[in-house]
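The structure displayed is predicted, hence computed values, not measured ones.
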Amino acid sequence: MRFLKIFIYFFLFLGLGSFAFANTPIPPKLPKGQKGGVVKKIEYNNIVYISDIIANEIASIPLGEALDYKALDRAIIAFYEQGYFEDIWVTFDNGTLSFYFKEKPRIGSIEVKGYGNESERTALIDQLGLKRGDMFDTLKLERAKQTIKAILEQKGYYGSVVEFTSTPIAQSNAFNLIVNINQGNEIIIQNAIYEGRKELSVGDIEELTANKEKDFLGWMWGFNDGKLHLNELEYDSLRIQDAYMRKGFLDAQVSSPFLSVNFNDYNATLFYKITEGVRYKISDVKIVLETPVIEEEELYSGLKIKKGEYFDVQNLRADMDSIKTKVADIGYPFANVNPDLDKKDGEVGVIYYVSAGKKVYINDVIISGNTRTADRIIRREILLAPGDLYNLTKVRQSENALRRLGFFEVVKIDTKRISDDSMDLLVSVTETRTGELMFGLGYGSYDKITVNASVRERNLFGTGNSAQVYMDISKTRQLYNIGLTNPRIFDSRYSASFEIFRSSYTDWNYTENNTGFSISVGRLLTNFLRFGLTYNLSRSQINDFGSESYKSFYSILFHDNLEPWKSSITPSLSFDNTDDYYFPKNGFIASTYLEYAGLGGDEKYTKLYGKFAAYHHLKSWMKIDLIARYKAQAGYIFDEGFTPVTNLFSMGGISTIRGYQSGSLSPAPTNAQGFYVGGNYMFTNSVELSYGLFESLQMRISAFYDFGIIGNHKRSLGWNGYDFPLSNEPIMRQSAGLAIEWVSPIGPIVLVFPWAIDPKPGDKTSNFEFTMGTRF
């Protein structure tokens, strides 16, 4: 028996040994003995991805010495460990040591099928850890498969099937890898149960949560579809608790979510257990300063937490930020605001403990990420310099100023502490395209299709200067403009610009050609307010009348001077504190100018004109990405001897009343219908709501309502005995519609679908307008 046991153990040992070596690379069979002939030359065959120099370092076999077969074994194993090769064999003949390699196949291309659009497929490939040129590794493919399934589950798809297929590429050691995805089913939350809920409505609770019960019309845009967002589920309990704290329920307790899924139909029930507790009112508000660095009364100003009102954690957070900002603005960036809540009998006292820390100065401003724009262009927008006291408001204003330039896609200012009393500002930017190829397309009942285009560079050679060659060409309008603007001469607050232009505008009854130039100087009065002064010299030519009667009519209105000169000076003011160049979310834009024509020349009038736009992001109120906009413009012309009708106001078009052809709304003489003369006053305004469709694509949809009024306070027009009575009744028009806004890779695009409300007979309406590259 003992002999039999030994016999069995011996064969088990041989079997295990065979299994252990089955998956180990076996060096080629070599001649017996420890030493061979002298190695005179080493060759590496069929090797692509490792150079001969690197191969020599891996092999570590010296030339001019006898071949050591143990060293050769180590060299072969070292090559295997690189992970590039399926097989290696060696020959040694007449002093030449030859290595032969069979490399593992590589991935030539990756294609994803059955998943998303092109951009989503590209993003998925980036997440897989696979790229063209990688080894065709089964372990990597398995990890990629698990990654895809995890991504699909985060998007709400369960039971997905992922398969890889490969096809060889002719005359190469590479394969085309095809990722076939069969997306699983989406889990739909058909029922959400909040046991213990009494005081808050389901709507209040689900206002903040990512996972909600499916609405009755869940398939319709704007309603909740009930899809499960698994990666957000663990945070929803905290969101529900936050919803209660916004209503004053400080003791509310919310259990972890329990999800019950029926995998036959992928419907689910979501369950929470809630203990609401007492609703608290504010009994008192105090601020305690550890060090008296600022007057306490200043900190109390503007607090949202007020005695006698129900507690709201949002107001608490806003107050903490307000107090911290006021302290940080006087040089204390590391100020801490710690709230303490003293609860008793349904009332709560709020105490803000404020620790200012040490006063800190700016040591340096370090700029990164600007591959094209010069440092000084960025630095001049930063409101803090080395040696200045830290100021949080100025840091935030500096970020917005850099965004308003339109040079950068991303702007972020961080801080780095150098010592107890000094810090660096770290300004990081990501540059974007600053050249604009502007293109516009419109369609209307009169003009049919109109086209316009221009080329502009807003950051010429990274200097911050702007140059443009503007060509605006359509059926009714041709404008050619060459201009150069320096917004900050020698990085000062002064600006200058020069412009040469020639335009041709075909009105409904005539064509106006205009040639001239303008010179402007300006100064930045504050961080948001700019003053400008422009001189303009130009000459108009009025011709190509629709008929002889038109020519006679307009000759009278132009005092028989169809080629008048204009010499004018225009002071202006402009204000802009918005937070983005193309589609602002918050802030105001306002501008006004007074043009005085009468410094010589034929035209003599004064034009007063102003524009205003307000933007407010409603997300803090409504929890959705909604921007409210209000825009208005108004103008008045004082005739002081000769105001050509071409300088009067008209309405219609994308910048005034959408839904009507550009410039088609204008007063006309009562006894010469169809002879438009323009108005000497105008007012238009618009109300808009813009909703973010796809944040990653910067695409939005907006609904708008436009209203405008235009008229002429003159009782009649005429000259040299001719008289054309004018109606004193103003023209009022309104419109509504939808617009799609998209900051595309080639510039901002706006598609407008207007509807003219109650148009009058003879109105020239517009059904569709399209612009690209203009600021909205």
Side-chain angles (χ1 to χ4, degrees), residues 199-200 204 207-208 238-252 276-360 383 389-400 413 415 527-528 577 579 585-588 614-623 626 628:
E199 299 297 331
L200 264 62
D204 288 334
E207 182 181 3
L208 304 180
L238 297 176
R239 292 171 178 142
I240 295 173
Q241 189 172 25
D242 194 81
Y244 270 96
M245 293 186 73
R246 294 183 182 194
K247 301 296 184 180
F249 293 91
L250 297 178
D251 300 326
E276 293 183 328
V278 179
R279 189 179 188 187
Y280 288 87
K281 280 190 175 183
I282 308 297
S283 61
D284 196 15
V285 183
K286 291 182 180 180
I287 297 176
V288 178
L289 268 170
E290 288 187 5
T291 307
V293 296
I294 188 174
E295 293 293 334
E296 287 189 4
E297 290 302 319
E298 187 175 342
L299 297 180
Y300 279 105
S301 174
L303 290 184
K304 292 190 174 183
I305 291 281
K306 291 182 171 54
K307 184 177 179 179
E309 296 182 356
Y310 283 110
F311 179 86
D312 185 340
V313 72
Q314 284 182 291
N315 291 338
L316 181 78
R317 293 165 183 156
D319 287 349
M320 291 170 62
D321 182 70
S322 172
I323 294 170
K324 178 179 173 61
T325 299
K326 288 176 180 178
V327 177
D329 281 352
I330 57 174
Y332 298 92
F334 304 111
N336 284 320
V337 180
N338 297 310
D340 185 31
L341 304 180
D342 183 16
K343 297 181 291 183
K344 185 178 180 181
D345 298 332
E347 292 187 331
V348 57
V350 179
I351 305 174
Y352 297 105
Y353 291 97
V354 183
S355 173
K358 288 192 174 182
K359 184 171 285 191
V360 175
L383 303 179
L389 264 177
Y390 179 86
N391 186 298
L392 180 56
T393 296
K394 287 186 177 181
V395 170
R396 292 170 177 171
Q397 290 176 350
S398 299
E399 283 187 337
N400 286 339
I413 300 180
T415 59
N527 297 327
F528 311 117
N577 70 345
D579 54 6
K585 292 183 178 180
N586 291 289
F588 300 92
Y615 306 85
H616 186 69
H617 202 193
L618 302 177
K619 193 171 184 178
S620 59
W621 297 356
M622 306 177 65
K623 310 308 172 190
L626 196 65

Is the number of heavy atoms from other residues, nucleotides or ligands within 6.0 Å of CD (E296) greater than 12? yes
Counterpart residues, ring pair (Phe, Tyr, Trp, His ring centres under 6.0 Å), relative to Y390 (two or more places apart): none
Starting at CG of L316, measure out to CZ of R246 and round the result to the nearest 0.5 Å. 12.0 Å
Please name all residues satisfying salt bridge (Lys or Arg N to Asp or Glu O under 4.0 Å) with R279, sequence neighbours left out, ordered by chain then number. none
Just checking F588: does its CZ atom have more than 12 heavy atoms from other residues, nucleotides or ligands closer to it than 6.0 angstrom? no
What's the shortest heavy-atom distance between G331 and L389, and which atoms? CA-CD2, 3.9 Å
Only pairs at least two apart or in different chains count here, so list each salt bridge (Lys or Arg N to Asp or Glu O under 4.0 Å) that has a residue in residues 300-320. D242-R317
Using 0.5 Å steps for rounding, measure from the CG atom of L383 to the NZ atom of K394. 6.5 Å
Nearest non-hydrogen partners of V327 and I330, listed with the distance: O-CG1, 3.0 Å
Applying ring pair (Phe, Tyr, Trp, His ring centres under 6.0 Å), name anything that partners F311, two or more places apart in sequence or on another chain. none
Roughly how far, to the nearest 0.5 Å, is the CD1 atom of I351 from the CD1 atom of I287? 11.5 Å
Of all the heavy-atom pairs spanning A328 and P333, show the shortest one and how long it is. CB-CA, 4.3 Å
So, the side chain of S283 versus the backbone of V348: is there a donor-acceptor pair under 3.5 Å, distance only? yes
Under 3.5 Å donor-acceptor, E199 side chain and E276 backbone: no
With rounding to the nearest 0.5 Å, note down the distance linking NZ in K358 to OG1 in T291. 11.5 Å
Is there a side-chain hydrogen bond (donor to acceptor under 3.5 Å, both in side chains) between E290 and Y353? Walk through the geometry before answering. CA-CA 7 Å; E290 288 187 5; Y353 291 97; over 6 Å; no
Testing the 3.5 Å rule here: is there a donor-acceptor pair between the side chains of D251 and Y244? no
With sequence neighbours excluded, tell me which residues meet salt bridge (Lys or Arg N to Asp or Glu O under 4.0 Å) with E399. R403
Just so I know, are the side chains of D345 and V278 near enough to count as touching, which here means a heavy-atom distance under 4.5 Å? no
Once you round to the nearest 0.5 Å, how far does CG of N586 lie from CG of D579? 5.0 Å
Under a 3.5 Å distance rule, please check whether N577 uses its side chain to pair with a backbone N or O of F528 as donor and acceptor. no
Of L299, V288, V285, which is the lone residue that meets side chain to side chain contact (heavy atoms under 4.5 Å, CB included) with Y352? V285
Not counting sequence neighbours, list each pair that qualifies as a side chain to side chain donor-acceptor pair (under 3.5 Å) and has a residue in residues 320-341. D321-R396, T325-R396, D329-T393
Closest heavy-atom pair and its distance - K343, L250: CD-CD1, 3.8 Å
Value rounded to 0.5 Å, distance of OH in Y280 from CG in D342: 10.0 Å
